[in-house]
Amino acid sequence: MGQRKRQTIKLSENVHFSDEFEQMLVESGIIHSKGANATDRIGQDSDKLIISKSGREPQTLDELRQLLNSGKSLLSLDFEFYNDPKGTPWIREIAGKQFGSPTYFQYRLFNKEMTPERQLEFLQEWDMPYSETVNHSYFQIRNHLSAILNTIRPDYVVCWGDAIDFNALDREEQRAHIKQKHRLTISIPRIDLARLVGRDVFQNHTTLSLEKMGKLLGIKGTDPRHVALNDVRLLDRILQFYARDLNEDLFDN
C-alpha cells in the first residue's frame, strides 16, 4: 500500500482543537500550520466526503442506547447563527465533539452579510484586520470541517433539532457552489436527538430545548447556552446519560 499523501491545512486564528484531536489529525497525516504564508492544499478534494452511509436512524431510546454501545462512531454537532438584515439565519459558529472521546473542535465564521455592527464586533473580539476575514469564510472553514469528517468518519452526526441547523448549512453549501451530491447536508447521516426524545419520552407531544433537557437530567456545568462548544458538550453528556443504565450515578457534580 502506498504512503498516504499528507495534507496541509491553513488554520484560521480562531480555530480551536483539543490536544487529543490535534494528535488524531497528525496521526492521520494532516499537518496544521498557522499564518498567512501557509498553503491550503485540500482544494477540490475537500468537498468529496468518504463517509459511508449508515443504517437507519434509531427510533427509540433503547435503540439509541444499543447504538451508543455498539462501537459506532458518533459526532455531536452544533451550529449557532446570526440573522442578516433581511432576517435570514447564517452560521456564525460550528462546534463538534466525538462521542466516547475527549476530542472536539470549534470554528467561528465571518460573513459579509453580517450587519456592520456585528462585523465590527468580530474584528474587535479577534483583533483582526478586515483583510484577514477571508480566512474565516464558510468556504475556508468547510475545507477544515470536511477534512475532520473524513478523519473521524462518523457513522452518525447527532444534533439537537436539526432542521434550522441543516437548512442554514444547505444555504451555505449553495452559496459556496458545492455540487448537490457532495453537500454536507446530503452526505452526513444524522440523528435528531430532540425529535427522538420527543417521540419516545413525550409521545410527540412536546420537544424540550437543549438547556431544559440538560436540567431535566440533572446535568450541570456547561453554561452559558448558545455557545456552540458549550452546547455540543451538553449534547455529548446527554448521549452519555442515555448510553448507560439509568440506575447508575453518571454525574459526580
Side-chain angles (χ1 to χ4, degrees), residues 49-81 91 94-105 145 148-170 183-223 225-253:
L49 296 182
I50 53 178
I51 300 173
S52 60
K53 290 294 183 181
S54 301
R56 71 183 182 91
E57 179 180 346
Q59 300 300 302
T60 66
L61 291 176
D62 184 61
E63 290 183 3
L64 175 65
R65 183 173 295 107
Q66 293 177 39
L67 177 64
L68 292 169
N69 290 286
S70 69
K72 295 283 188 179
S73 174
L74 283 82
L75 177 69
S76 295
L77 200 62
D78 185 76
F79 302 83
E80 296 299 330
F81 308 94
I91 298 173
I94 303 173
K97 188 177 186 306
Q98 187 176 17
F99 179 71
S101 167
T103 61
Y104 63 85
F105 59 85
L145 183 59
I148 289 170
L149 291 171
N150 283 337
T151 298
I152 296 178
R153 301 190 188 186
D155 294 290
Y156 294 94
V157 165
V158 183
C159 298
W160 188 269
D162 63 3
I164 296 177
D165 289 3
F166 279 81
N167 285 341
L169 182 61
D170 197 59
R183 289 180 187 171
L184 298 179
T185 47
I186 301 298
S187 304
I188 302 176
R190 62 187 189 262
I191 298 170
D192 183 346
L193 188 56
R195 182 168 58 239
L196 176 56
V197 170
R199 181 171 59 234
D200 202 41
V201 176
F202 302 108
Q203 290 74 50
N204 286 323
H205 294 307
T206 186
T207 300
L208 297 181
S209 67
L210 180 63
E211 180 179 11
K212 288 183 178 178
M213 190 64 194
K215 289 180 178 179
L216 180 65
L217 298 180
I219 302 174
K220 302 176 182 178
T222 54
D223 291 333
R225 296 275 61 77
H226 301 302
V227 175
L229 186 56
N230 289 346
D231 284 357
V232 86
R233 284 171 169 163
L234 176 55
L235 181 56
D236 183 75
R237 294 185 72 182
I238 292 174
L239 289 178
Q240 291 178 43
F241 181 90
Y242 283 118
R244 293 196 176 191
D245 187 318
L246 296 183
N247 292 321
E248 293 186 19
D249 183 12
L250 176 59
F251 303 111
D252 296 329
N253 58 345

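Bear in mind that the values here come from a model prediction, so they are computed numbers and not experimental data.
Inter-residue side-chain proximity for Asn167 and Asp170 is flagged as unmet; no heavy-atom pair is nearer than 4.5 Å. Side-chain contact between Asp200 and Asp62: absent, with no pair of heavy atoms (C-beta onward) separated by less than 4.5 Å. Side-chain contact between Leu210 and Ile238: present, with at least one pair of heavy atoms (C-beta onward) separated by less than 4.5 Å. Under the 4.5 Å side-chain criterion, counting only non-hydrogen atoms from C-beta, Tyr104 is not in contact with Asp236. Contact check for Leu74 versus Leu68: side-chain heavy atoms found under the 4.5 Å cut-off. Counting only heavy atoms from C-beta outward, the side chains of Val158 and Phe99 never approach each other to under 4.5 Å. Using a 4.5 Å heavy-atom cutoff, the side chains of Tyr156 and Leu64 are not in contact. Side-chain contact check for Asp192 versus Cys159: every heavy-atom pair is 4.5 Å or farther apart.
Between Arg244 and Arg65 the shortest heavy-atom distance is O-NE, 3.4 Å. Considering all non-hydrogen atoms of both residues, Ile152 and Gln98 come closest at CG2-NE2, 3.6 Å. The minimum heavy-atom distance linking Phe166 with Thr185 is given by the pair O-CG2, 3.4 Å. In plain terms, the two heavy atoms of Ala194 and Gly161 that are nearest each other are CB-N, 3.6 Å. Nearest heavy-atom pair across Asp231 and Glu80 is OD2-OE2, 3.0 Å. Closest of all the heavy-atom pairs between Gly214 and Leu234 is CA-CD1, 4.1 Å.
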**Item:** Check against side chain to side chain contact (heavy atoms under 4.5 Å, CB included), Leu145 and Leu184
**Value:** CA-CA 10 Å; Leu145 183 59; Leu184 298 179; 3.9 Å; yes
**Message:** What verdict does the side chain to side chain contact (heavy atoms under 4.5 Å, CB included) test give for Leu229 and Val232, after you've listed the backbone C-alpha separation in whole Å, the side-chain angles of each residue and the deciding distance to 0.1 Å?
**Reply:** CA-CA 5 Å; Leu229 186 56; Val232 86; 4.1 Å; yes
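Note that CG of Leu169 is 10.0 Å distant from CZ of Arg183, once rounded to the nearest 0.5 Å. A distance of 9.5 Å separates CG of Leu235 from CG of Leu75, quoted to the nearest 0.5 Å. Taking CD from Glu57 and CG from Leu193, the interatomic distance works out to 9.5 Å, rounded to the nearest 0.5 Å.
Although no hydrogens or angles enter the test, the distance criterion places a donor-acceptor pair under 3.5 Å between the side chain of Asn69 and the main chain of Ala243. Between the side chain of Trp160 and the main chain of Leu208, a donor-acceptor pair closer than 3.5 Å is present.
Under the side-chain contact (heavy atoms from CB on, under 4.5 Å) rule, Pro154 has a single partner from Leu149, Leu77, Ile148, which is Leu149.
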